[in-house]
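Notes follow the structure.
These values consider heavy atoms only, across backbone and side chains, with no hydrogens, waters or symmetry-generated copies. In this text the structure is predicted, and so the values were computed from the model without any measurement. Ligands are counted one by one from 1 in listed order, and the atoms in each one are counted from 1 as well.
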Amino acid sequence: VRRQDGRTTKTMAEPSTMVPVAVLQGFIAEIFTAAGCDAAEGKQVAHHLLSANLTGHDSHGVIRTPRYIQWLQEGKVRAGQSLTVVHDTPTHAIVDGNYGLGQTIGPLAVDLGIAKAREHGLAVIGLRNSGHIGRIGDWGERAAAQGLISIHFVNVQAGELVAPFGGVDRRFSTNPVCIGVPTKEGPIILDFATSLVAEGKVLVASNGGKPVPAGSLIEPDGQLSVDPRTLYGEIAGSHVRDSAKGAGALRAFGEHKGSGLAFMCEILAGCLTGGGTSGPIPGGKRSRIANGMLSIYLSPGSFGAAQFEDAAREYAGYVKASRPAEQGVEVLIPGEPESRIRAERLAKGIPLQPDTWAAICATARGLGLTPPAVAVPNG
Ligand code: NAD
């Protein structure tokens, strides 16, 4: 569209287009508010989706908006929910997220763990039936901000996508693990899916983004693949991807080791929380995607480790001082890539693929909203 000032305005971002953080955050909040959240919840969902984009995990960022809205409209997740405490002791609890939005339920479950661990030195919280809780690093950061170490094992009920080591049939979800450690210079956050890539990275690739690494997917006949169609079936234009339509699976990282970790996430986040595993066991086939999360919170001071944060930082410095394997490529510690990308994106904005932006705008229009124009200077 030619504007009066001679610049071109596009409602679709080019791959190199940076969408300012405040514009994107406001737009996403508006979409969720139009879909039934109150203003505070809309803002909180937008905050956590943007947090994933800001840390470079675009797979768990605003790209999820069309799918979350579809789930809200289908009643698979619900606005305005809170926790039901199913089992409670001073140090541990099982809580049910009532299929509320994960960006609402996640903070409530983490804050319960923080409160118990601050009082008793340690706590364990089993969360079940939560809407998608997105980037788990957010929860490690939330606990670290209160001076706590935290360990999170996550699964996705009805989210079978990953073949076990040696198999081709889907048996696990992408089952992330996160360990967060507080230090005075900022948290150290290890946070990754136990699949070779998170499903969202296949989603990003299917929208014209970065291709997934070799061997990320496996066809039913055992052939390795990088083609998003292995997971989603035929892909036409920008629409909500459906992993039920693909015949293949994601693969676990690290061969038998990653596959074993994924298995244990099902046991801890699925069986122990009572939410169920990603497959039909126990309880038959479910159609509703929900996260389970078993979280352990430790207060270093109550372990007599008064100098813990200094010791952790000192050790991180020692690790970083390893001579690089490749000239000029620095050794990084967990969480370092994310904090660097965050600083860069806060300053420059968030890059979005055209199809991602188009799908978000289509969702907004479906709710009666007008997407903000993204201005691309001529030339
Ligand atoms: P990834 O492969 O990018 O790994 C990220 C981790 O590796 C981070 O801790 C990062 O600091 C560290 N790291 C990256 N490069 C490094 C380097 N060069 N040196 C040292 N450390 C480095 O992450 P992923 O597996 O693609 O997961 C992406 C996100 O998806 C995570 O935030 C995860 O929580 C989320 N996820 C969520 C769900 C869910 O159901 N809610 C499911 C799967 C994944």
Side-chain angles (χ1 to χ4, degrees), residues 48-61 63-64 67-68 71 77 97 101-103 105-106 109-110 127-142 144 150-162 172-181 186-205 209-210 212-213 216 231 243 250-254 258 261-262 265-266 269-270 273 275 277-278 289-295 316 319-320 322 324-326 328-342:
H48 286 293
L49 289 177
L50 263 286
S51 168
N53 288 110
L54 284 171
T55 48
H57 294 292
D58 294 333
S59 56
H60 285 68
I63 195 172
R64 299 269 169 170
R67 196 183 279 183
Y68 283 6
W71 287 342
V77 288
L101 282 156
Q103 291 68 22
I105 295 301
V110 173
L127 168 66
R128 71 192 192 201
N129 300 335
S130 170
H132 188 245
I133 47 179
R135 174 186 172 247
I136 309 307
D138 272 23
W139 317 127
E141 284 171 3
R142 195 175 181 94
S150 64
I151 305 163
H152 310 266
F153 299 95
V154 178
N155 86 329
V156 193
Q157 294 160 39
E160 269 187 335
L161 287 175
V162 181
F172 311 137
S173 63
T174 52
N175 293 0
V177 173
C178 171
I179 301 178
V181 169
I188 298 174
I189 304 287
L190 178 66
D191 168 33
F192 57 74
T194 49
S195 49
L196 215 142
V197 292
E199 187 238 329
K201 299 218 161 134
V202 188
L203 185 64
V204 169
K210 196 175 158 192
V212 295
S216 293
L231 204 62
S243 59
L250 284 163
R251 291 177 69 229
F253 84 97
L261 204 46
C265 283
E266 298 287 349
T273 64
T277 68
S278 64
I289 296 278
N291 270 135
M293 176 163 76
L294 188 86
S295 302
V319 171
K320 282 185 66 60
S322 163
E326 200 181 319
V329 180
E330 187 188 352
V331 173
L332 301 175
I333 55 161
E336 229 177 344
E338 284 78 6
S339 58
R340 289 184 185 184
I341 295 172
R342 183 185 273 136

Under the side chain to side chain contact (heavy atoms under 4.5 Å, CB included) rule, collect the residues that match up with I289, sequence neighbours excluded. W71, V156

Measuring from atom OG of S278 to atom CG of N175, what distance do you get when rounded to the nearest 0.5 angstrom? 6.0 Å

Those protein residues which place at least one heavy atom below 4.0 Å from ligand 1: H57, H60, H132, G134, R135, I136, V156, T174, P176, I189, L190, D191, F192, A193, A198, K201, N291, L332, P334, G335, P337, E338

When rounded to the nearest 0.5 angstrom, what distance separates CZ in R128 from CG in N291? 15.0 Å

E338: which residues meet the side chain to side chain donor-acceptor pair (under 3.5 Å) condition with it, sequence neighbours left out? H57

Option passing side chain to side chain contact (heavy atoms under 4.5 Å, CB included) with I189 (candidates P334, S339, C178): C178

Across all chains, not counting sequence neighbours, the side chain to side chain contact (heavy atoms under 4.5 Å, CB included) partners of K210 are none

